[in-house]
Amino acid sequence: MTEKQAESQCEPAESPSDAPGRRRLIGDRGSHFLNRMEAETGANVAACYQCERCTNACPVSAYMDIKPHQVIRHVQLGWRDELLRSATVWVCLSCEMCTTYCPNEVGVAETILHLRSLSARSGIAPQERQLAVFHQTFLDELQRFGRVNEAWLMAALNRKPGILGEKWRTGQLKTELELGWTLWRKGKLKLLPQRCAAIHEIRALYRNRRGG
């Protein structure tokens with residue numbers, strides 16, 4: 001092996017989200033971020049060896065800009081900002097298929113969900129704005145009643161700035177109204193919310209999780 005070939009093999013890897021030609025050091029901030037994520041989620045992120053079974057099992061991986069196995073690799077390398085800016089953390093369905101199919105029990109879903117929470121608190125503008133607003137609205141309604149009423153949830157979501165107009169332009173509002181009418185006729189949609197008896201415990205759990 002020539003000296004030039006040896007140097008080329010030692011060049012740092014390039015993040016998929018970086019501009020072409022830009023190089024970054026492998027492990028830059030990686031140990032700090034990796035240790036933090038493992039401590040906060042309990043997921044054994046370091047055990048991932050990139051078999052890609054999580055991505056192959058994910059039903060929405062085609063809509064992700066960073067695939068599930070790449071998410072874990074980004075955490076290992078410390079590429080935090082790319083993850084918090086990604087669409088992936090909002091597109092994830094939380095179905096846990098990735099975690100189920102992981103041979104090393106890495107906890108892929110838990111990692112992505114935690115990244116979603118970090119992104120929501122980071123102030124970084126989300127790529128999937130409507131999904132990000134839905135996420136926060138869901139949590140707000142959960143704190144309000146201790147359980148989520150679908151009709152009140154969607155009404156609260158539609159009152160958020162820009163959401164109703166976007167749904168009107170895309171035709172999504174008509175689809176949701178038709179679905180809501182169908183569910184109501186079949187007795188599957190309650191128009192009035194019910195307060196959970198454990199509302200105070202749920203609020204306390206949320207405050208503790210948030211560190212408040």
#### Entry: Intermediate values then yes/no, side-chain hydrogen bond (donor to acceptor under 3.5 Å, both in side chains), Gln70 and Gln50
CA-CA 8 Å; Gln70 294 174 333; Gln50 296 291 289; over 6 Å; no
## Note on the structure
Partner of Arg36 under side chain to side chain donor-acceptor pair (under 3.5 Å), picked from Glu40, Glu38, His32, is Glu40
Test item: [X] and [Y] side chains (from C-beta on) under 4.5 Å apart, heavy atoms:
| X | Y | value |
| --- | --- | --- |
| Trp90 | His135 | yes |
| Tyr101 | Asn56 | no |
| Cys48 | Gln76 | yes |
| Arg53 | Pro103 | yes |
| Cys54 | Cys102 | no |
| Phe33 | Leu83 | yes |

### Task
Please step through side chain to side chain contact (heavy atoms under 4.5 Å, CB included) for the pair Cys92 and Val60, ending with a clear verdict.
CA-CA 7 Å; Cys92 173; Val60 292; 5.8 Å; no
State the [atom1]-[atom2] distance between [X] and [Y], to the nearest 0.5 angstrom.
| X | Y | atom1 | atom2 | answer |
| --- | --- | --- | --- | --- |
| Tyr49 | Asn104 | OH | CG | 5.0 Å |
| Thr182 | Leu177 | OG1 | CG | 10.5 Å |
| His74 | Asp81 | NE2 | CG | 11.0 Å |
| His69 | Cys51 | NE2 | SG | 9.5 Å |
| Lys188 | Lys190 | NZ | NZ | 9.5 Å |
| Gln130 | Glu166 | CD | CD | 5.0 Å |

### Message
Within the supplied structure, the quantity of interest is the number of heavy atoms (other residues, nucleotides, ligands) at a distance under 6.0 Å from Glu105 CD; does it exceed 12?
### Response
no
Under 3.5 Å, which donor-acceptor pairs do the side chains of residues 106-113 form with other protein atoms, sequence neighbours left out?
{"residue": "Glu110", "atom": "OE1", "partner": "Thr99", "partner atom": "OG1", "Å": "3.1"}
{"residue": "Thr111", "atom": "OG1", "partner": "Gly107", "partner atom": "O", "Å": "2.9"}

#### Entry: side chain to side chain contact (heavy atoms under 4.5 Å, CB included) between Leu118 and Arg121, worked out
CA-CA 5 Å; Leu118 293 178; Arg121 300 198 299 268; 3.5 Å; yes
Does [X] belong to the same Ile/Leu/Val/Met/Phe/Trp/Tyr cluster as [Y], with side-chain heavy atoms less than 4.5 Å apart forming each link?
| X | Y | result |
| --- | --- | --- |
| Leu131 | Leu173 | no |
| Phe138 | Leu189 | no |
| Phe134 | Leu142 | yes |

### Message
Quick test of your reading: applying ring-ring contact (aromatic ring centres under 6.0 Å, His included), list the pairs with at least one residue in residues 170-200, sequence neighbours left out, ordered by first then second residue.
### Response
Trp181-Trp184
### Message
Checking Leu115 against Val71 for the side chain to side chain contact (heavy atoms under 4.5 Å, CB included) test, could you report, in this order, the C-alpha distance in whole Å, the side-chain angles of both residues, the deciding distance, and whether it holds?
### Response
CA-CA 10 Å; Leu115 289 167; Val71 168; 3.7 Å; yes
### Query
Which is it for Glu141 and Arg144 under the salt bridge (charged side-chain N to carboxylate O under 4.0 Å, His left out) test, yes or no, and what are the steps along the way?
CA-CA 5 Å; Glu141 290 297 300; Arg144 186 179 180 187; 3.6 Å; yes
### Query
Which atom pair, heavy atoms only, marks the closest approach of Ser86 to Gln127?
CA-NE2, 3.8 Å
### Donor-acceptor pair, side chain of Ser119 and main chain of Arg116, under 3.5 angstrom
no
Please table the atom pairs, donor to acceptor, closer than 3.5 Å between any side-chain atom in residues 151-161 and protein atoms at least two apart or in another chain.
{"residue": "Trp152", "atom": "NE1", "partner": "Leu191", "partner atom": "O", "Å": "2.8"}
{"residue": "Asn158", "atom": "OD1", "partner": "Lys167", "partner atom": "NZ", "Å": "2.7"}
{"residue": "Asn158", "atom": "ND2", "partner": "Met154", "partner atom": "O", "Å": "3.1"}

### Task
Quick one: do Ile202 and Gln143 satisfy side chain to side chain contact (heavy atoms under 4.5 Å, CB included)? Show the steps, please.
CA-CA 7 Å; Ile202 292 174; Gln143 289 185 84; 5.9 Å; no
